Undergrad: 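Structure below; questions to follow.
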Protein chains: 2
Amino acid sequence: MNKDKYTDNIQSQMRKGSLEFAILLIISRKKIYAGDILKELKKNKLIVVEGTLYPLLNRLKSSELLSHEWKESKSGPPRKYYDLTSKGKKLLKALLEAWKDLDHSINSLISHYEKNS
Amino acid sequence: MNKDKYTDNIQSQMRKGSLEFAILLIISRKKIYAGDILKELKKNKLIVVEGTLYPLLNRLKSSELLSHEWKESKSGPPRKYYDLTSKGKKLLKALLEAWKDLDHSINSLISHYEKNS
DNA sequence: ATTTTTTACCTTGCTTTACAAAGTACTCTG
DNA sequence: CAGAGTACTTTGTAAAGCAAGGTAAAAAAT
């Protein structure tokens with residue numbers, strides 16, 4: 001175990017856990033392809049790389065949470081535009097509740113911390 | 001890939017990412033041993049099992065984020081009581097900032113979602 | 001006093017997954 | 001058509017969660 005590597009990565013670990021959720025939220029707004037999803041995530045400080053995003057999208061696809069259709073691009077090869085399936089929409093609602101729970105739990109722990117420091 | 005298994009686990013994945021953070025927060029309040037950490041996590045709906053918690057505590061220990069001392073128990077074998085090292089305290093402050101960023105990012109995405117649905 | 005139960009911590013084997021890096025393929029520009 | 005840019009995929013490696021089983025100490029039951 002490389003200590004520094006471990007320590008450095010805890011912060012990114014924290015973000016990664018919410019990655020599927022963030023991606024479903026982004027796709028729920030409008031049909032969008034991988035390149036623009038990456039940009040949206042970066043805009044929100046949720047840094048991901050291709051090697052993570054593409055397999056993740058394919059997992060969501062084969063779990064029938066996403067569908068996609070090919071669309072021509074004016075500046076390169078065609079793109080896969082993703083959309084939520086009804087199963088995906090349903091899950092998104094559930095994740096929203098789960099997020100609210102987590103948000104509440106962590107913020108409650110934080111408020112204890114901040115009282116004592 | 002088992003679809004249902006994958007779908008079922010996204011919610012817990014979300015929580016897991018914040019696990020180290022939550023554990024450091026809990027330990028920051030007072031010296032505490034694994035059994036009581038489990039109870040605190042459950043109280044906050046952050047469900048974890050022994051097979052996850054013990055290796056995690058050991059990783060935090062070998063990264064010098066935690067220290068521990070053995071204490072006698074009145075109802076069984078001795079317990080390892082964990083405490084934050086100064087390195088752990090420093091990391092906790094950094095994680096607090098990272099959490100606030102994540103919280104802000106996700107809640108911003110959510111507010112877009114809720115506007116459109 | 002020995003056995004059983006409870007409590008506490010640890011380990012093993014399996015599976016999932018993030019990521020870097022390399023690969024494939026399409027399209028536009030010159 | 002060669003090269004640059006864009007888009008999607010695959011491979012190999014390492015990290016980590018979890019179920020299940022293991023070790024050990026102390027208390028309770030017999």
Side-chain angles (χ1 to χ4, degrees), chain A residues 1-23 31-42 46-63 65-66 68-82, chain B residues 1-23 31-42 46-63 65-66 68-82:
Chain A
M1 167 76 62
N2 179 323
K3 288 173 190 177
D4 292 324
K5 206 172 159 193
Y6 178 69
T7 299
D8 288 349
N9 282 349
I10 294 186
Q11 296 191 30
S12 58
Q13 292 283 65
M14 192 194 281
R15 289 181 311 228
K16 283 171 209 158
S18 302
L19 200 52
E20 277 108 338
F21 181 43
I23 288 169
K31 292 179 188 175
I32 187 169
Y33 81 105
D36 280 348
I37 292 175
L38 276 174
K39 282 178 200 158
E40 279 297 312
L41 290 168
K42 264 175 200 137
L46 295 159
I47 308 301
V48 191
V49 296
E50 283 191 327
T52 301
L53 182 62
Y54 282 106
L56 201 164
L57 288 170
N58 287 332
R59 287 198 299 278
L60 293 170
K61 175 78 173 19
S62 53
S63 301
L65 301 167
L66 296 182
H68 72 242
E69 55 187 83
W70 288 95
K71 286 194 184 177
E72 299 294 317
S73 161
K74 282 158 197 162
S75 60
R79 302 162 171 172
K80 275 187 179 176
Y81 277 78
Y82 288 94
Chain B
M1 167 75 62
N2 180 323
K3 289 174 192 177
D4 292 324
K5 207 174 160 194
Y6 177 69
T7 299
D8 289 349
N9 282 348
I10 295 187
Q11 297 191 32
S12 58
Q13 292 284 65
M14 192 194 282
R15 290 180 310 228
K16 284 171 208 158
S18 303
L19 201 53
E20 278 108 338
F21 181 43
I23 288 169
K31 292 178 188 176
I32 188 170
Y33 81 105
D36 279 349
I37 292 175
L38 275 174
K39 281 178 199 156
E40 279 297 313
L41 289 170
K42 263 175 201 136
L46 296 159
I47 308 302
V48 191
V49 296
E50 285 191 328
T52 300
L53 183 61
Y54 282 107
L56 201 163
L57 288 170
N58 287 331
R59 286 197 300 277
L60 293 171
K61 176 77 173 18
S62 53
S63 302
L65 300 168
L66 297 182
H68 72 244
E69 55 185 83
W70 288 96
K71 287 193 182 175
E72 299 293 318
S73 161
K74 281 158 195 159
S75 60
R79 301 162 172 174
K80 275 188 180 176
Y81 277 78
Y82 288 94

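In what follows, chains carry the letters A, B, and so on, assigned in the order in which the sequence lines appear, proteins first and then strands, with residues in each chain numbered from 1. Computation of the quantities below employed the complete heavy-atom set of this structure, encompassing side-chain atoms and omitting hydrogens, waters and symmetry-equivalent molecules. If you're wondering where the values come from, they're calculated on a predicted model, not measured in any experiment.
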Undergrad: Roughly how far apart are B:Y82 OH and B:L60 CG, rounded to 0.5 Å?
TA: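 B:Y82 atom OH to B:L60 atom CG measures 9.0 Å (nearest 0.5 Å).
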Undergrad: Under the rule for side chain to side chain contact (heavy atoms under 4.5 Å, CB included), what residues qualify as partners of A:Y81, not counting sequence neighbours?
TA: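 For A:Y81, the residues satisfying side chain to side chain contact (heavy atoms under 4.5 Å, CB included) (neighbours in sequence not counted) are A:K31, A:Y33, A:K71, A:R79.
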Undergrad: What's the shortest heavy-atom distance between A:L46 and A:A22, and which atoms?
TA: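 Closest pair (atom of A:L46, atom of A:A22, distance): CD1-CB, 3.8 Å.
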Undergrad: Using 0.5 Å steps for rounding, measure from the NZ atom of B:K80 to the CG atom of B:N58.
TA: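 Spacing of NZ (B:K80) from CG (B:N58) equals 5.5 Å.
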Undergrad: Output the rounded distance in Å from CG (A:D36) to P (D:dT6).
TA: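 Taking CG of A:D36 and P of D:dT6, I get 12 Å after rounding.
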Undergrad: What is the distance, rounded to the nearest whole Å, between atom CD1 of B:I23 and atom C1' of D:dG17?
TA: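 That distance rounds to 12 Å.
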Undergrad: Could you tell me the separation between the CD1 atom of A:I23 and the CG atom of A:L56, rounded to the nearest 0.5 Å?
TA: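 Output value for this atom pair is 4.5 Å.
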Undergrad: To the nearest angstrom, how far is A:E72 atom CD from D:dC8 atom P?
TA: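 From A:E72 CD to D:dC8 P: 12 Å.
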Undergrad: From CG of A:L19 over to P of D:dA16, roughly how many Å is that when rounded to an integer?
TA: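 Rounded to whole Å, this separation is 17 Å.
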Undergrad: Going by salt bridge (Lys or Arg N to Asp or Glu O under 4.0 Å), name the residues that satisfy it together with A:E50, two or more places apart in sequence or in a different chain.
TA: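 With neighbours one apart ignored, the set is empty.
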Undergrad: From CG of A:L56 over to P of D:dT10, roughly how many Å is that when rounded to an integer?
TA: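 So the two atoms are 15 Å apart, to the nearest Å.
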Undergrad: Using atom CZ of A:R59 as one end and atom P of D:dT9 as the other, report the distance to the nearest whole Å.
TA: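 My rounded result for the distance is 13 Å.
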Undergrad: Nucleotides 3-11 of chain C: which of its N/O atoms have a protein N/O under 3.5 Å away?
TA:
| residue | atom | partner | partner atom | Å |
| --- | --- | --- | --- | --- |
| C:dA8 | OP1 | B:Y33 | OH | 2.8 |
| C:dA8 | OP1 | B:R79 | NE | 2.6 |
| C:dA8 | OP1 | B:R79 | NH2 | 2.5 |
| C:dA8 | OP2 | B:Y33 | OH | 3.3 |
| C:dC9 | OP1 | B:K80 | N | 2.6 |
| C:dC9 | OP2 | B:Y54 | OH | 3.0 |
| C:dC9 | N4 | B:E50 | OE1 | 3.4 |
| C:dC10 | OP1 | B:K80 | NZ | 2.4 |

Undergrad: Tell me the interatomic distance from B:L57, atom CG, to D:dA16, atom C1', rounded to whole angstroms.
TA: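 Going from B:L57 (CG) to D:dA16 (C1'), I get 14 Å.
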